[in-house]
Number of protein chains: 2
Amino acid sequence: MTSHAAAEPIRTAITDEDGIDFAIIELFFFAYRDFTSDPDQILAEYGFGRAHHRVLHFVNRRPGLTVAELLDVLKITKQSLARVLKQLIDTDHIVQLQGPRDRRQRELYPTAKGRALALALARPQSRRIHAALEDSGATERAVIERFLEAMVNPELRAQIDIVPAKMSGKNHGDH
Amino acid sequence: MTSHAAAEPIRTAITDEDGIDFAIIELFFFAYRDFTSDPDQILAEYGFGRAHHRVLHFVNRRPGLTVAELLDVLKITKQSLARVLKQLIDTDHIVQLQGPRDRRQRELYPTAKGRALALALARPQSRRIHAALEDSGATERAVIERFLEAMVNPELRAQIDIVPAKMSGKNHGDH
DNA sequence: AAAATACGTCAATAGTGCTGACATAATTTC
DNA sequence: GAAATTATGTCAGCACTATTGACGTATTTT
C-alpha cells in the first residue's frame, strides 16, 4: 500500500513496443468512425439510426431473407430488431411476405423506396472507399478485401458468401 | 400509385451493379463487428462498455491529454464522457493532474492498472489483426495502413499523427 | 473588472441493445 | 388427431451510450 490515494500516473505513451499493433487498432477505429458518419447524417433526416441502416442494407442484399436469418446476421435479439423493423415496414421501406414453403416465416423484401434509401446511404460510403483505394494504390483492392474478410470470425464468414456479391469480374449475368 | 396498400416487393438483390461497392461496405461492417467483440467480453467482467475502452485507449496512447482533446478525438460530448471518465478515475485506472501551464486543464494519465487493462483489451485485437495480415499476404501491412488512413476524413487525419506511433515506413513529413 | 475558457455537474431525453414472459399460427412428431 | 416444436410478434422492464441545455467554479485572457 505505497500510495492509493492517487495511484502513480504513467507518463509514457503505450506503443507497439509491447508487441501490440496499436497503430492499426487505432486506424480501424478512426476509419470506422468516419465511415459510419456519412450515412448517419442522411438517416437523421428520416429519424432513423444505424440499426435501421443495417436492416435496410441486408434486406436489400438478400431479398426474401427471414426474420430469423436477419437476426443471425445482425447478431442482435428479436426484441431489438422488432422496433426497428416495424418502423421500416410502417414507412414502406420494407414489406413482409408470407413464406411460400413455411407460412410461419416472414420473408423480407425492400420496396422501391427502401431500395432507393439503401442506395442513398451506400453512395457516400462507396465514394469514400473508392477514394481510399485510389489514395492507397488503386490496384490493391483484392488485398483490402482479403484482409477485411480475414478479420471476420471464421465461423461467421459463411454469412459473407451468401451474398451474390463479388463475382470478381463484376459481370454477373442473371439471377 | 399502382398500389400503396403494400408497395411492391423488389426480389432482386442489390449488387455492385449500381456502381456502389457493397462488397467492401459489408466486409467493413462484419470486420468491425468482430473486431470489437473481443474486448467486449473482457470489458463485461469489469462492468465497462466500449466507451470505457476508447477512453482508456487514448489516455494510454497520449498520456497527459486534456479533457477537451479527448472529446475532440472521440467526437462525443462532455456529458457523455463524464460518467465514463469518472468511473475510470474512481476505479484507479486513470488519474487527473492539474495542467502545468493552464491550471484549469486536467491532464489525464493512466495508472499501472489502467495500462494493464488497456493492454489486455488490445491483445486479442492485435492477435486478430496479425492473423488477418498473415492470411491476406503478410507483407501488405503498409497497404492496409494506408487504406485505413485514407478512409479517415482528411481534416481529422491530424489526430492520427499526434500519436508517437511507429516511425516505420510512413512518411508524414508535413501536410 | 469583464469576458472567455476548461472543466464539472444536474436534469431530461433518445437510440439501441438486453432478458424474460407470453401469445399465435403453422409445422412436425408421435 | 393430439402434442411438441418452431417462427414470429409483443409487452414490460432494464442498461449503456449518446444527446442537449443549463448552471457553477476556477482560471486565464482581454
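Just so it is clear, the values below take in all heavy atoms, side chains as well, and ignore hydrogens, waters and symmetry mates. Below, chain A is the first sequence line, B the second, and so on; all start at residue 1. All of these numbers come straight from a predicted model, not from anything done at the bench.
- Under a 3.5 Å cut-off, the side chain of B/Ser126 and the backbone N or O of A/Asp21 do form a donor-acceptor pair.
- Aromatic rings of B/Phe35 and A/Phe147 (six-membered ring for Trp) have centroids beyond the 6.0 Å cut-off, not under it.
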Which atom pairs link the protein and nucleotides 26-30 of chain C when you take only N or O atoms and keep those under 3.5 Å?
residue	atom	partner	partner atom	Å
C/dT27	OP1	A/Arg103	N	3.2

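- The pair A/Asp135-B/Arg146 does not meet the salt-bridge criterion, since no charged nitrogen lies less than 4.0 angstrom from a carboxylate oxygen.
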B/S/- contact track for nucleotides 9-18 of chain C, protein heavy atom under 4.0 Å: BB-----BBB

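- Counting non-hydrogen atoms of neighbouring residues, nucleotides and ligands closer than 6.0 angstrom, the CD atom of A/Gln41 reaches no more than 12 such neighbours.
- With respect to A/Glu26 and B/Arg61, a salt bridge is recorded, a charged nitrogen being found less than 4.0 Å from a carboxylate O.
- Once you apply a 4.0 Å limit to the heavy atoms of chain B, the touched nucleotides of DNA chain D run 5' to 3' over D/dT17 to D/dT28.
- For B/Lys75, the NZ atom is densely surrounded, since the number of other residues' heavy atoms within 6.0 Å is greater than 12.
- Using a distance-only test at 3.5 Å, with no hydrogens or angles considered, no donor-acceptor pair links the side chain of A/Lys78 to the main chain of A/Val67.
- Side chains of B/Arg128 and A/Asn153: a donor-acceptor N/O pair is present below 3.5 angstrom, by distance only.
- The residue A/Gln96 sits close only to the backbone: its heavy atoms come under 4.0 Å of sugar-phosphate atoms, none of a base.
- Put simply, the side chain of A/Glu149 never gets that close to the backbone of B/Leu27: no donor and acceptor are under 3.5 Å apart.
- Side-chain atoms of B/Arg104 never come within 3.5 Å of backbone atoms of B/Gly99 as a donor-acceptor pair (strictly under, hydrogens ignored).
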